[in-house]
Amino acid sequence: MLSELMAILAPVTVLALGALVCLGAEPFLKDARKHVVLPWVGTVFAVLAALVQFGVAGDAVDLHGLYAADGMRSWLSLTVILCAVIGLSGLQQSLSRDAYPGGEPYALTLLAACGVMLMVAASDYLGLFVGLELASISIYSAVGLRRHRLESGEALLKYFVMGAVFSAVFMYGVALSYGASGSTAYSAVALEGRDALQYLGQTLIVVALLFKVGAVPFHFWAPDAYTGAPVPVTGFMAAVVKIGGFTALGAIWLSRLAVASDGGLAGSVIPLGAHYTVEEMASSGLERGHHILIAAAILSLLVGNFSALGQSTLRRLIAFSSISHAGYMLLAFALPGTVQPVAMTSLWFYLMAYAVASAATMTAATALCGRDDDDRLIDLHGAARRHPMLGVALSILVASMAGLPPTAGFLGKYLIFSELVAKGHVILAVLGMLMAVVGAVYYMRFVIGLWSGDGNRVPVRGLGGLAWASVAVAVVVTVALLAMPGVIIDMPAAPIASTAP
Amino acid sequence: MIDALFYLLAGLTVIGAIATVTVGNLLHAAIAFIGALLSTACLFLLMGNEFVALMQIMVYAGGVVIFVVYTILLTTRSGENMPRPPLPAVVTALVISVLSGAVLAWRGAAAAAAGDPSMPEKLGLGDIGRRLLAIDGGFLVPFELISLLLLAALVGATSVARNRAEHGDEPVTGEDAA
């Protein structure tokens, strides 16, 4: 019991402790000092949490079926911690420039990271819900940091009200699923004659999670929320909310696949790196879920990419492009036309590559934006020529999001498309590739803009030490994931022995 | 005796429910709604389901209605004299409630006649609490993690509600936000 508790919750506890220390120290610091001391305090605790995460990583274990730890979950948690540090350092840039009179955003960032780590570890709907709410509530208030700005207040209200409604939808789905199966585990099976009820419940759960990750047709909140948030918060939320939401979706999907492949796995905890072969896809009922997810994927790809083409501010560009990334990730949920093993490895890899790149892009871009995070693309023209190192880092990170070599984003897209072809969905793969070309157009237009023009429009401050360090780590990770993808892709996946109640 | 109590509570529930949709003042409607919910909770108690009764009071009579009352009190006074609903709406509402009541009565009578074998074992309030928060197989860990969630909500609400006057901008007052 104690060793499982340590393995699963120790990194989260360290991070939460960091948030408490930030909160406790905040009133005793002068306003200007807050933005010097607190990000570093948070970073120290985040590094500690990462070390603990490395230390406890080992065999796959689970805590009474509520939370679990395995190799892939541990990599995803490390990505969340890295995104938290990138977010902290970006907030430091943005808040110290505007002399923001408080230090609580740093604690909120750490708490949001705790919530996402719980979502990653969850293997039970109730465990997931606590993480989901912890992450959501922290991020709602981080979105509204500049409430004196009209669009920020609008973003806060819209995101909060919509988020509350879809949290209720999620809980309703969990209640129905519990009524159908008598369990809140991901891998619970419906009791005799209650399949329809479970299907309804799971559909509501999936709809709520699709809202959280910003997939079409539940994307309407994303452009406003992303635009109202401070620039580094935009990057942070795009990264961690996607990790949390898609890990939950992928883990639920994998659990359904596992139960469909072997009824004996019902009620057990499924490791994220595993693969399962479903012999009788038609009778498993998974195809209905497949149709919903693939329809959302196609819509997200089309709406996200084509809307992003016409945007004139960086945050709206990132908002619509994050919708399109949700589309690529949803393509990983496609079921094969023939009997073959199905894994979610491409999704996990894409998630890590996307999260690191999007968080770091916005943190790096914070240095180039004006007061109150003025981020019109036209004002960013030529900024890279005055800060060539920053320009190079931004170019690599944006190339990763666009899916161009030599970056991890390229391999992520390659894995998803090649898997689609292997599963027999050639048309979907072609659609994805075409959309990647559209994506490359707006991403490259942003990069080319950075390197052209005179660059005298906005006074640029450059990055501080912490932000430089975190962006540099992100760039290294982005390139290293391409060089050594085997660490994540070839992870051995031993099934967990069930200890579920 | 139990029967008389049942009919008394059931009558109170129906009267409260009818009053909720017929009175002209929104606040009175909310209070009538509380009455209906509380007597429903008493009905559950009468049947020996303390847990469901307690949930009914905490979630509905407590949480939901308090939220409704706050919303009414905080918004404008438009709720004092509600217009009469149009006739087609009244008829539709009547038809739907009679139909759903009939379906429930029919299914309930059928289940009572069959003596539903899938009836779960009856648990006392203490047993449910002990099972939910058991160290082995209960939801103790998520329950403890809720403390983090409450902390985040508290800090977040303070952060959002704080007056930004010291920031050199117009302070955001409640009226502006509304």
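Below, chain A is the first sequence line, B the second, and so on; all start at residue 1.
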Could you look at A:Tyr67 and say if it's the side chain, the backbone, both or neither that has a heavy atom under 4.5 Å from chain B? side chain
Can you tell which of A:Leu134, A:Leu118, A:Leu66 makes a side chain to side chain contact (heavy atoms under 4.5 Å, CB included) with B:Leu145? A:Leu118
To the nearest 0.5 Å, what is the distance between SG on A:Cys114 and CG on B:Leu149? 11.5 Å
OG on B:Ser159 to OH on A:Tyr100, rounded to 0.5 Å: 4.0 Å
Mind checking whether A:Asp124 and B:Phe139 have side chains closer than 4.5 Å, heavy atoms only? yes
Enclosure of B:Leu5 CG (heavy-atom neighbours >12, cutoff 6.0 Å): yes
Just how far is it from atom CG of B:Leu148 to atom CG of A:Leu110, taken to the nearest 0.5 Å? 11.0 Å
Within a 6.0 Å radius of atom CZ on A:Phe160, are there more than 12 heavy atoms belonging to other residues, nucleotides or ligands? no
side-chain contact (heavy atoms from CB on, under 4.5 Å) assessment of A:Ile8 paired with B:Val141: CA-CA 11 Å; A:Ile8 295 164; B:Val141 174; over 6 Å; no
Are more than 12 heavy atoms, taken from residues, nucleotides or ligands other than B:Met55, located less than 6.0 Å from that residue's CE atom? yes
Can you tell me which portion of A:Leu191 sits under 4.5 Å from chain B's heavy atoms? Options are side chain, backbone, both or neither. neither
By the side chain to side chain donor-acceptor pair (under 3.5 Å) test, which pairs, at least two apart or in different chains, include something from residues 153-168 of chain A? A:Glu133-A:Ser167, A:Glu154-A:Lys158, A:Lys158-A:Asp224
Any residue of residues 176-184 of chain A which, by heavy atoms, sits under 4.5 Å from chain B: A:Thr184
Of all heavy-atom pairs between A:Gly127 and B:Pro142, which one has the smallest distance, and what is that distance? CA-CG, 4.4 Å
